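I have placed the structure first, in the form of structure tokens, so that the comments after it can refer back to it.
The structure presented is a predicted model; accordingly, all values stated were derived computationally and were not measured. Protein chains get the first letters and strands the later ones, always in sequence-line order, with residue 1 at the start of each.
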Number of protein chains: 2
Amino acid sequence: MFTIGEFSRITGLTIKTLRFYHERGLLTPAFIDPGSGYRHYDPRNLDTARVIKALRDLEFPLEDIATILAECGDDEDLIEHLARQRRDLAAKLTHYQNLTRQIDQLITQQREIREATAMHQQDHNVTERDVEPILIAGIRIKGRYSDCGKVFGQLAKKVGRHIGGKAMCLYYDGEYKEDDADIEPCFPIRKEVEAEGVSLRPLPPVRCVTLVHQGPYDTLGRSYATIMEYAKSKGYQLELPTREVYLKGPGMIFKGNPRKYLTEIQLPIKS
Amino acid sequence: MFTIGEFSRITGLTIKTLRFYHERGLLTPAFIDPGSGYRHYDPRNLDTARVIKALRDLEFPLEDIATILAECGDDEDLIEHLARQRRDLAAKLTHYQNLTRQIDQLITQQREIREATAMHQQDHNVTERDVEPILIAGIRIKGRYSDCGKVFGQLAKKVGRHIGGKAMCLYYDGEYKEDDADIEPCFPIRKEVEAEGVSLRPLPPVRCVTLVHQGPYDTLGRSYATIMEYAKSKGYQLELPTREVYLKGPGMIFKGNPRKYLTEIQLPIKS
DNA sequence: TGTACGGCCTCCCCTTGGTGGAGAGTCAAG
DNA sequence: CTTGACTCTCCACCAAGGGGAGGCCGTACA
């Protein structure tokens with residue numbers, strides 16, 4: 001017979017835990033002194049304690065352990081319980097796999113944004129450059145600029161895993177339109193994927209006049225004025241669709257500070 | 001301004017949860033009617049709610065979320081929080097990986113035991129057969145039979161991952177010894193591994209007289225008597241070490257019923 | 001103006017698997 | 001007899017809310 005302290009040292013279960021298991025009927029001491037209320041454990045309790053500990057190490061709920069203790073006298077009887085617990089554990093496993101993947105994506109995106117921001121921080125002047133060809137997935141709509149957000153949401157749902165760059169928008173109108181602008185929000189993607197309602201195609205390489213706009217979207221007009229003026233002074237003829245690349249916009253979690261948003265305007269030049 | 005019900009429908013957070021977040025200071029309604037105590041939310045609350053929800057989906061603790069809301073105005077400020085959370089999630093991930101692996105091992109072992117039991121259930125008679133060569137990891141000791149348990153424990157710790165069969169014991173004494181028997185508990189293993197204090201070597205193929213004993217270990221003597229008698233009647237000369245294979249013994253979790261234990265006695269014949 | 005119904009309020013208890021502490025009783029040694 | 005170590009019961013606490021009771025509020029309809 002062991003006192004609770006001795007039994008605790010032997011089994012590695014804390015005294016509190018032993019009292020708790022007693023209360024829950026999992027591990028009833030062999031003898032309880034009616035006068036003092038002291039618990040006394042015997043070697044058979046030791047077996048039970050070992051079993052409970054082994055099952056708790058596998059994170060079986062106490063309720064299941066109670067059932068198992070009542071029903072099973074042999075490892076053989078355990079198999080279906082083990083299988084069920086395995087399923088539960090596997091579910092948690094995939095759950096945490098998904099979460100880590102998601103968080104990894106967030107971190108990666110954040111890194112990319114940081115790099116892009118560092119790269120474009122300096123030049124807020126009009127420049128000319130050759131824009132590489134790129135594979136995009138887009139949804140072309142007629143509507144307002146403010147509808148873009150929802151469309152980006154849809155796109156992220158459909159091709160989210162394959163996104164390989166900053167969100168963009170293609171503008172098919174030569175002029176500003178309020179209500180039924182012809183817009184195509186899109187994402188660069190890494191490989192060919194099928195998705196319903198999504199247009200998947202390469203954008204051709206093209207020489208562009210570009211300008212990185214810093215600030216909220218409602219001040220984009222000023223940057224358009226600047227870049228247009230430049231194109232006109234050079235006598236360039238422009239092509240459609242024009243592009244906007246959202247180098248840094250509202251984040252995935254926080255909206256961030258609109259005065260730090262960076263948007264690259266790309267106006268393709270007719271060659 | 002939205003009532004709590006409207007806000008709940010918009011954000012997808014339950015009313016209970018909204019009240020709870022209010023209590024915890026995470027999401028304080030824009031206005032509280034002093035007369036009725038009704039909570040009223042405004043669009044800025046909506047942003048905060050979105051952030052909280054996104055972070056909760058990544059299983060950030062509420063306390064961390066509170067810190068983040070207080071400190072971060074931008075996704076950029078989030079990165080180290082994200083990294084920390086990623087570590088925590090990854091820890092859980094490997095934790096559950098280990099658990100599922102362990103439980104898989106248990107299930108596999110159980111299957112093997114079941115098959116072995118089914119195979120050997122019928123023949124409790126003395127038979128002769130050629131025992132295949134086998135790679136074993138063992139620890140040879142001088143002591144009592146009852147010390148085997150601990151040694152099996154040590155072995156399991158050192159080569160546990162590579163065990164590929166039933167536990168065995170080799171007996172190097174020609175006679176029964178009480179206190180300083182020359183015994184080698186061992187496990188069949190699948191591939192060559194190094195482990196301190198463990199002897200790793202192949203057992204040669206050998207022709208044996210064998211008998212499957214059913215029952216607790218303290219009745220093994222009777223089976224030894226039977227098999228010895230048989231060997232003598234055939235005029236066989238026996239070789240050392242003799243072997244015991246524990247086809248079914250105490251389980252990993254439960255001790256099981258000793259009357260169902262199956263132990264195969266193998267006595268090598270000198271050829 | 002009464003009332004019915006839905007929405008909202010606070011307050012309390014419940015979940016899992018224990019942990020921590022307060023205050024009081026018990027045991028053995030010196 | 002005292003001291004110190006052990007043990008007892010009872011209560012509160014953790015995370016992140018869920019469930020429900022009992023009562024107030026607001027509005028629509030008769």
* Asked: Between atom CG in B/Asp57 and atom C1' in D/dG17, what is the gap in whole Å?
  -> 15 Å

* To do: I would like to know whether B/Glu63 and B/Arg24 meet salt bridge (charged side-chain N to carboxylate O under 4.0 Å, His left out); could you show each step before the answer?
  => CA-CA 9 Å; B/Glu63 202 172 343; B/Arg24 300 294 299 269; 5.9 Å; no

* Asked: What do the steps show when you test B/Asp179 against B/Lys142 for salt bridge (charged side-chain N to carboxylate O under 4.0 Å, His left out), and what is the final call?
  -> CA-CA 8 Å; B/Asp179 279 348; B/Lys142 290 226 173 201; over 6 Å; no

* Do any side-chain nitrogens or oxygens of B/Thr17 fall under 4.0 Å of OP1 or OP2 in D/dA16? -> no

* For C/dG17, does either OP1 or OP2 sit under 4.0 Å from a side-chain N or O belonging to A/Tyr21? -> no

* Does B/Arg39 make a side-chain N or O approach to OP1 or OP2 of C/dC9 shorter than 4.0 Å? -> yes

* Test for a donor-acceptor pair under 3.5 Å between the base of C/dG25 and the side chain of A/Tyr38, counting only N and O atoms. => yes

* Structure fact -> Assert: residue with more 5' nearest nucleotide on DNA chain D, out of B/Ser36 and B/Leu62, is B/Leu62

* **A/Tyr38 ring center within less than 6.0 Å of A/Phe31 ring center** => no

* Distance below 4.0 Å between B/Thr14 side-chain N/O and D/dG17 OP1 or OP2 -> no

* To do: Give the rounded distance in Å between these two atoms: CD of A/Glu59 and P of C/dG18.
  => 10 Å

* To do: Ignoring backbone atoms, test whether B/Thr3 places a side-chain nitrogen or oxygen under 4.0 Å from the OP1 or OP2 oxygen of C/dC8.
  => yes

* Pair of N/O donor and acceptor under 3.5 Å linking C/dG17 base with A/Lys16 side chain -> no

* Let me know the distance between NZ of B/Lys53 and C1' of D/dG17, rounded to the nearest Å. => 15 Å

* Asked: Between A/Arg56 and C/dG17, does any side-chain N or O lie under 4.0 Å from OP1 or OP2?
  -> yes

* Atom CE of B/Met1 with >12 non-hydrogen neighbours under 6.0 angstrom -> yes

* **Protein-nucleotide distance (B/Leu18, atom CG; D/dG17, atom P), rounded to Å** => 10 Å

* Structure fact -> A/Tyr41 atom OH is separated from D/dC6 atom C1', nearest whole Å, by 14 Å

* **Between D/dG17 (C1') and B/Glu63 (CD): distance, integer Å** => 16 Å

* Asked: For B/Glu23 and C/dC12, what is the distance between atoms CD and P respectively, to the nearest whole Å?
  -> 12 Å

* Would you please indicate if the ring centroids of A/Tyr246 and A/Phe187 are separated by under 6.0 Å? => no

* Any side-chain N or O of B/Arg19 under 4.0 Å from OP1/OP2 of C/dT10? -> no

* Structure fact -> Rounded to whole Å, the CZ-P distance (B/Arg24 to D/dG18) equals 14 Å

